[in-house]
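This report concerns only the one structure given below.
We use all heavy atoms of the structure for the numbers below, so side chains are in, but hydrogens, waters and symmetry mates are not.
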Amino acid sequence: MKPRGGCGGRKGLERLRSWAPLIACAGGACGEPATERAVPQYSETSYATNPRGEVTTRLHFTEITREAGIEFQHVTGAFGEKWMPETLGSGAAFFDYDSDGMPDLLLVNSNWWLGHEGSGERPVQRLYRNLGGGRFEDRTAPAGLDVSLYGMGAAVADYDGDGDPDIYLTAVGTNRLLRNDDGAFTDVTVQAGVGGDPPGGPPAWSTGAAWVDIDLDGWLDLFVCNYVRWTPETDLFTTIDGTNKSYATPHQYRGESCRLYRNRGPGESFADITDAAGVHNPDGKSLGVAVTDFNDDGWPDLVVANDTQRNFLYRNRGDGSFVDIAVRAGVAFDEAGRARAGMGVDVADLTGDGGWAIAIGNFAHEPMSLFAKIGDDLFQDRAGAAGLSRPTLIPLTFGVVYADLDLDGALDIVAANGHIEPGIAAVRREQSFAQPPQLFVGDGAGAFVDVSDLAGADFRQPLVGRGVATADIDGDGDLDLLFTANNGTPRLLRNDLDGASGIGVSLFGAAPNHRALGALVTAYAAGRTQRRFVATGSSYLAQSSLMPLYFGLGNAGGADSVVVRWPVSGSFTRVGHVAAGEQVILRETPR
């Protein structure tokens with residue numbers, strides 16, 4: 001290993017090959033981002049057409065759930081009454097709970113209903129520790145996660161600044177905050193004051209959540225989506241065939257406002273600032289939230305997907321409060337001015353020029369939304385032009401995730417599909433309860449091609465899909481996939497990509513924001529600009545691994561440079577050429 005001088009001489013660089021770490025200077029020592037230098041173009045793309053005009057792809061996935069050691073059954077507690085929450089779980093999270101550098105897996109379970117308990121052991125959450133090479137072991141009990149609640153989803157981050165990730169579980173009823181103390185978790189919900197319930201009201205039904213530093217003080221705050229005001233006592237009879245009870249839609253219930261909690265700092269509880277921050281809206285019926293900096297002012301903004309109600313787009317005012325600009329920005333409704341039934345949501349810069357695009361999975365017969373930024377505070381649904389409307393019209397899409405699965409430098413979209421009504425096929429011939437997931441490869445210019453039928457047999461197998469999350473579970477440099485299933489077993493798919501490479505970027509921010517949530521990472525490679533905003537949330541009830549961030553190179557030899565804008569200080573770090581197959585570790589220097 002040969003040391004190399006650092007940026008501005010402030011800190012040295014060391015480089016190792018084959019995914020060994022590179023540590024560079026940070027905290028502003030590297031100055032402003034450099035302009036992009038010309039590098040070779042890609043010699044091939046992630047998909048192509050053969051002489052007969054048929055689409056081909058080099059992507060291939062293999063289902064390895066049991067082989068990997070994952071044995072999990074999501075339990076809804078259904079006992080014949082078709083209570084509404086039974087159809088919306090379950091969630092998951094990839095995160096490194098023991099800080100060994102490999103993504104572990106948390107699977108969120110629901111529960112039996114009071115008075116209708118099943119037999120055997122009560123359902124609990126499950127934690128699987130990554131052993132390397134795509135193998136996991138169950139560490140639920142030793143970690144103290146054998147917790148029973150009617151769980152929905154998970155959001156994971158280091159809220160107390162001690163260096164290890166903590167877990168927030170959303171649920172029907174009071175949520176749970178589980179503090180990580182060297183790999184063992186303690187319930188601190190009551191002390192922290194983040195149960196998710198409205199003040200003075202009955203327990204809420206929470207769904208998506210995101211950790212985000214809204215005021216840039218370094219301490220992570222918490223945004224929690226709440227759905228509708230449902231209880232067993234207020235359950236309503238609905239039917240799709242005129243006779244038998246069906247699972248209800250949110251039309252029949254009043255909405256419940258999302259909650260926003262400000263982190264007061266070390267050893268302190270959170271303050272509920274929902275009203276003061278301008279995010280109180282009881283009409284939301286919210287299921288998913290995603291975070292990014294839409295206007296590039298350094299302050300994180302929020303987009304919320306709502307079910308049968310208009311979506312929200314919360315612009316951060318820079319003072320700890322927000323204003324909802326969804327209507328004037330063009331993301332509240334569809335092109336006909338109607339509110340869709342939004343489920344999961346993700347946001348990404350598809351072209352590398354700051355044109356953030358919001359993807360939202362919608363109900364059956366409502367195509368996926370793709371709100372692309374076309375001006376200041378202005379978006380347009382470009383799903384049709386992007387090639388997404390027709391293939392996503394029939395499925396009911398819950399989870400949506402952007403990821404460069406084929407490592408060609410262009411982001412792809414993965415969708416988890418599945419209906420809410422088991423008997424839907426009896427009244428709608430084109431519908432089914434279990435539905436295959438979908439994979440759309442991107443071209444880097446905002447268009448996509450459906451390669452679901454070409455990516456392996458498991459993309460043709462139906463499941464009652466809900467969440468979808470990504471992580472490099474086997475350390476081979478590409479992203480693998482997890483789909484969660486309602487009242488079923490999850491599906492873990494190994495990415496067997498061949499013929500492409502990328503680089504990985506891991507960030508270590510200054511305390512207390514150790515994982516640098518809110519950082520913007522830009523890679524210049526092979527004539528393209530790729531940008532990633534480091535955030536939790538997105539998908540549906542599920543969280544993807546935050547480290548490393550992957551930037552695809554196709555057949556290029558490396559990235560010309562990588563630039564990080566740190567979230568609190570706004571300072572920049574830049575490293576020069578990074579060869580294909582390398583991982584870069586960037587550490588922010590405290591000021």
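The side-chain heavy atoms of Val401 and Ile413, taken from C-beta on, include no pair separated by under 4.5 Å. Between Arg262 and Asp215 the shortest side-chain heavy-atom distance falls below 4.5 Å. Contact annotation: the side chain of Arg494 never approaches that of Leu481 to less than 4.5 Å [non-hydrogen atoms, C-beta and beyond]. Put simply, the side chain of Thr397 does not reach to within 4.5 Å of the side chain of Tyr540, judged on heavy atoms.
Put simply, the side chain of Asn417 never gets that close to the backbone of Pro437: no donor and acceptor are under 3.5 Å apart. Although no hydrogens or angles enter the test, the distance criterion places a donor-acceptor pair under 3.5 Å between the side chain of Asn226 and the main chain of Gly196. Between the side chain of Asp346 and the backbone N or O of Ser539, no donor-acceptor pair lies under 3.5 Å. Judged purely by atom type and a 3.5 angstrom limit, Arg176 has no side-chain atom pairing as donor or acceptor with the backbone of Val147. In this structure, the side chain of Ser246 engages the main chain of Ile240 through a donor-acceptor pair within 3.5 Å. Not a single donor-acceptor pair under 3.5 Å links the side chain of Glu81 to the backbone N or O of Phe79. Panel note: side chain Thr392, backbone Pro367; no donor-acceptor pair is recorded below 3.5 Å. Put simply, the side chain of Thr76 gets close to the backbone of Ala78: a donor and an acceptor are under 3.5 Å apart. When atom types are taken as modelled, the side chain of Asp324 and the backbone of Tyr314 share no donor-acceptor pair closer than 3.5 angstrom. Of the possible polar contacts, none joining the Tyr159 side chain to the Arg179 backbone as a donor-acceptor pair under 3.5 Å is found.
One finds a salt bridge joining Glu421 and Lys82 here, because a Lys/Arg side-chain nitrogen approaches an Asp/Glu carboxylate oxygen to under 4.0 Å. Ion pairing of Arg126 with Glu137 is absent here, as no side-chain N (NZ or NE/NH1/NH2) approaches a carboxylate O to less than 4.0 Å. A salt bridge links Asp235 with Lys245: at least one charged nitrogen is closer than 4.0 Å to a carboxylate oxygen. Salt bridge Asp377/Arg328: present, at least one basic N to carboxylate O contact under 4.0 Å. A salt bridge links Asp381 with Arg340: the distance from a Lys NZ or Arg NE/NH1/NH2 to an Asp or Glu carboxylate oxygen falls below 4.0 Å. Between Arg315 and Asp301 there is a salt bridge, with a side-chain nitrogen of the basic residue lying less than 4.0 Å from a carboxylate oxygen of the acidic one.
Under the 3.5 Å distance criterion, with hydrogens and angles disregarded, a donor-acceptor pair is assigned to the side chains of Arg428 and His365. Between Thr189 and Asp187, the side chains place a donor N or O and an acceptor N or O closer than 3.5 Å (distance only, hydrogens not considered). Defined by atom type and a distance below 3.5 Å, a donor-acceptor pair is present between the side-chain atoms of Asn306 and Ser286. Checked by atom type, the side-chain pair Asn175/Ser206 shows a donor-acceptor distance below 3.5 Å. Checked by atom type, the side-chain pair His74/Ser110 shows a donor-acceptor distance below 3.5 Å. Checked by atom type, the side-chain pair Arg229/Thr234 shows no donor-acceptor distance below 3.5 Å.
The distance from atom OG1 of Thr174 to atom CG of Leu169, rounded to the nearest 0.5 Å, is 12.5 Å. Rounding to the nearest 0.5 Å places CG of Leu350 at 6.0 Å from CG of Leu411. Note: His419 NE2 to Asn486 CG = 12.5 Å, rounded to the nearest 0.5 Å. How far CZ of Phe440 is from CG of Asp450: 4.5 Å, rounded to the nearest 0.5 Å. Here the CG atom belonging to Asn180 is positioned 8.5 Å from the OH atom belonging to Tyr97, to the nearest 0.5 angstrom. Note that CD1 of Ile360 is 4.0 Å distant from CG of Asn311, once rounded to the nearest 0.5 Å.
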*Can you list the steps and then say if Cys258 with Thr274 is a side chain to side chain contact (heavy atoms under 4.5 Å, CB included)?*
CA-CA 8 Å; Cys258 302; Thr274 306; over 6 Å; no
_Audit row: Trp113, Tyr150, ring pair (Phe, Tyr, Trp, His ring centres under 6.0 Å) steps and yes/no_ = CA-CA 8 Å; Trp113 294 110; Tyr150 206 96; 4.4 Å; yes
*side chain to side chain contact (heavy atoms under 4.5 Å, CB included) between Thr62 and Leu493, worked out*: CA-CA 5 Å; Thr62 304; Leu493 303 184; over 6 Å; no
*Walk me through it: do Phe136 and Ile473 pass the test side chain to side chain contact (heavy atoms under 4.5 Å, CB included)?*
CA-CA 9 Å; Phe136 293 82; Ile473 64 168; 4.0 Å; yes
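In the displayed structure, Glu121 atom CD is contacted under 6.0 Å by at most 12 heavy atoms of other residues, nucleotides or ligands. For Leu236, the CG atom counts as densely surrounded, since its 6.0 Å shell holds more than 12 non-hydrogen atoms of other residues, nucleotides or ligands.
Relative orientation of the Phe483 and Phe459 rings is perpendicular, given thresholds of 30° and 60° on the angle between their planes. Note on ring orientation: taking the six-membered ring where Trp is involved, the planes of Tyr402 and Phe448 are tilted (angle from 30° to 60°).
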